[in-house]
Amino acid sequence: MSLKPLDSPKHLDLNSMKELPDSYAWSTVDGFPSSGSSEQVPVINLEDPNAIKHVGHACKTWGVFQLINHGIPIDLLVNMEASGKKLFSLPIQQKLKAARSPDGVSGYGVAPISSFFPKHMWSEGFTIIGSPYEHARKLWPRGYRNFCDLIEEYKKEMNKLANRLMWLILGSLGITKGDINWVGPSGELKEASPALQLNSYPACPDPDRAMGLAAHTDSTLLTILHQNNTSGLQVQREGFGWVTVKPIAGALVVNVGDLLHILSNGLYSSVLHRAIVNRTQHRLSIAYLYGPPSNVRISPLSKLTDNVHPPLYRSVTWSEYLGTKAKHFNKALSLVRLCVPMNGFVDANDHNSVLVG
Ligand SMILES: C=C1C[C@]23C[C@@]1(O)CC[C@H]2[C@@]12CCC[C@@](C)(C(=O)O1)[C@H]2[C@@H]3C(=O)O
Ligand SMILES: O=C(O)CCC(=O)C(=O)O
Ligand SMILES: [Fe+2]
C-alpha cells in the first residue's frame, strides 16, 4: 500500500454524497464484504468481585473488553452523544471554522492517521486536547459554555474510571503502588492531558468499499470508548480475523494501547482495530485516550522482566511516542523495540539496537 499522503479532501460533507467517490473507494479492504466472526469480545462487570481476574484474562487474550457497571452516569453518556451529534450536524462551513491547523492536534478534521493511506476515510473527527474552549467558541459563538462544561465533566469521570481500570490491569500483573513512580499522594496514577476523539461516520452509499477508520492501534496506556447503538467497531483477534464489537446499551469498550504493551513487556498486547460503515445509519463514537504524565519514561516494569524475560522495549515518554506514531504510524512500536540477542541480554540504553520495520 502506498504511503504517499493524500491531499486533504476538498470538503468533508459526506452527508451530501449520493455515490462513493473513487478517492473513498478502498478496493482491497480485507474481510470485505464482511461476513463477521461469531466470536464475542469479553463483557466484564466492574462490580464483579473477580473483575481483576477477568480483566487480566481479557487483556492477555483479546487486548479489549466491554465494561458494564462502570459507574459512569448514563446521563453523561447520553449528553455526550447528543453533543457529538449536534457538533457533526453543523453546516460544513461552520465546522471548518474549528478545523485542526496543519501542525496542530486539536480541532475538527479527518482522522489524524489519514495521511498514511492512499484513500480517504468515510468519517470526520473532532479532537480535544486540553481545553476545548478555542474551538468550541468558533463552532458556537454564543452557546459554547455548555459544551465546554460537559467535556470537563466527561474528562473528570473518565479519568477516575481509567485510574481504576489501570490499577485492576496492573494488579492482574502483580504490580503494586511501590512499583510505579508516577503515583500521586492518594494512590492515583498521575495522568497526562488526555485526548478526547469524537468520531462521526455518516451513512454511506457503498459501505462495502468504504472504510470509516483504518486499522490501527492506539498509542495510549488504555482507551475507553463509548459507541452509539450502531455497530462498526471491529477488533482483530488472532485466528479469527475481524470481530465486530456489538454495541451494548450503556457499556464502554476498553482497549489496551501501545504504552501498556510496552509497560507490560508485551504480556498485554495493544489491539488492532478499525471502524467500518453502513448504508443506513449514522454512527458516533467518543474515545477517551489515556496516557501517563508526559515527562514520565515508560519502559517494561522491572517486576515483569528477568534474565529469561529481558525488557523488549526501550523507555519512551508519551509525547515522544506520539511523535513517533505521527511520523511512522504502525511501525512505531517496532521502532522502540530492543533487539534481544539469543542470550537474552539487552543494553536498554543502546538506542541503536532497535528492530526497524
Ligand atoms: C493523543 C492522541 C492519540 C491519537 C493522536 C492524538 O494526538 C489525538 C488523536 C488520537 C487518535 C484517535 C484516532 C486513532 C489515532 C491512531 C489517530 O490517528 O488519532 C489516535 C492517536 C494515537 O493513539 O496515536
Ligand atoms: O469509532 C470507533 O469505534 C473507533 C474509534 C477509534 O478507534 C479511535 O478513536 O481511536
Ligand atoms: Fe482507536
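Just follow the structure's listing: the first ligand is 1, and inside any ligand the first atom is 1.
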Just verifying a value: how many Å separate Leu170 CG and Leu301 CG, rounded to the nearest 0.5 Å?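 Interatomic distance, Leu170 CG to Leu301 CG, rounded to 0.5 Å: 7.0 Å.
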
Whether over 12 other heavy atoms sit under 6.0 Å from Lys60 NZ: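 Counting neighbours around NZ of Lys60, 12 or fewer heavy atoms of other residues, nucleotides or ligands fall under 6.0 Å, so no.
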
On the 0 to 90° scale, with breaks at 30° and 60°, tag the Phe329-Phe117 ring pair as parallel, tilted or perpendicular.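 Ring orientation of Phe329 relative to Phe117: perpendicular.
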
Where does the angle between the aromatic ring planes of His135 and Phe126 fall among parallel (under 30°), tilted (30 to 60°) and perpendicular (over 60°)?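 The rings of His135 and Phe126 stand perpendicular, inter-plane angle above 60°.
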
Mind listing the N or O contacts between ligand 1 and protein, cut-off under 3.5 Å?
residue  : atom   : partner : partner atom : Å
ligand 1 : 18 (O) : Ile113  : N            : 3.2
ligand 1 : 23 (O) : Ser219  : N            : 2.8
ligand 1 : 23 (O) : Ser219  : OG           : 3.4
ligand 1 : 24 (O) : Ser219  : OG           : 2.5

Would the Tyr201 and Phe88 ring centres measure less than 6.0 Å apart?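 Between Tyr201 and Phe88, the centre distance exceeds or equals 6.0 Å.
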
Kindly say whether the aromatic ring centers of His261 and Tyr313 come within a distance under 6.0 Å.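 Yes, the ring of His261 comes within the 6.0 Å limit of the ring of Tyr313, centre to centre.
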
Would Asp22 and Lys119 count as a salt bridge (Lys or Arg N to Asp or Glu O under 4.0 Å) here? Give the steps. CA-CA 8 Å; Asp22 188 52; Lys119 295 287 180 172; 3.7 Å; yes

For Trp140, give me all partners under ring-ring contact (aromatic ring centres under 6.0 Å, His included), at least two apart in sequence or on another chain.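 ring-ring contact (aromatic ring centres under 6.0 Å, His included) check on Trp140 returns Phe147.
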
[Y] backbone acceptor or donor facing [X] side chain under 3.5 Å:
X: Asp218; Y: Thr220; value: no
X: Lys325; Y: Thr217; value: yes
X: Asn265; Y: Leu312; value: yes
X: His273; Y: His216; value: yes

As a test of reading the model: which N/O atoms of the protein lie under 3.5 Å from N/O atoms of ligand 2, and at what distance?
residue  : atom   : partner : partner atom : Å
ligand 2 : 1 (O)  : Tyr201  : OH           : 2.6
ligand 2 : 1 (O)  : Arg283  : NH1          : 3.1
ligand 2 : 1 (O)  : Ser285  : OG           : 2.7
ligand 2 : 3 (O)  : Arg283  : NH1          : 3.3
ligand 2 : 3 (O)  : Arg283  : NH2          : 2.8
ligand 2 : 7 (O)  : His216  : NE2          : 3.1
ligand 2 : 7 (O)  : His273  : NE2          : 3.0
ligand 2 : 9 (O)  : Asn199  : ND2          : 2.9
ligand 2 : 10 (O) : His216  : NE2          : 3.3
ligand 2 : 10 (O) : Asp218  : OD1          : 3.3

Given salt bridge (Lys or Arg N to Asp or Glu O under 4.0 Å), test Lys160 with Glu188 step by step and report yes or no. CA-CA 9 Å; Lys160 277 195 278 177; Glu188 81 283 7; over 6 Å; no

Starting from the Fe ion (ligand 3), count all protein N, O or S atoms within a radius below 2.8 Å.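 Near the Fe ion (ligand 3), the number of protein N, O or S atoms below 2.8 Å is 3.
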
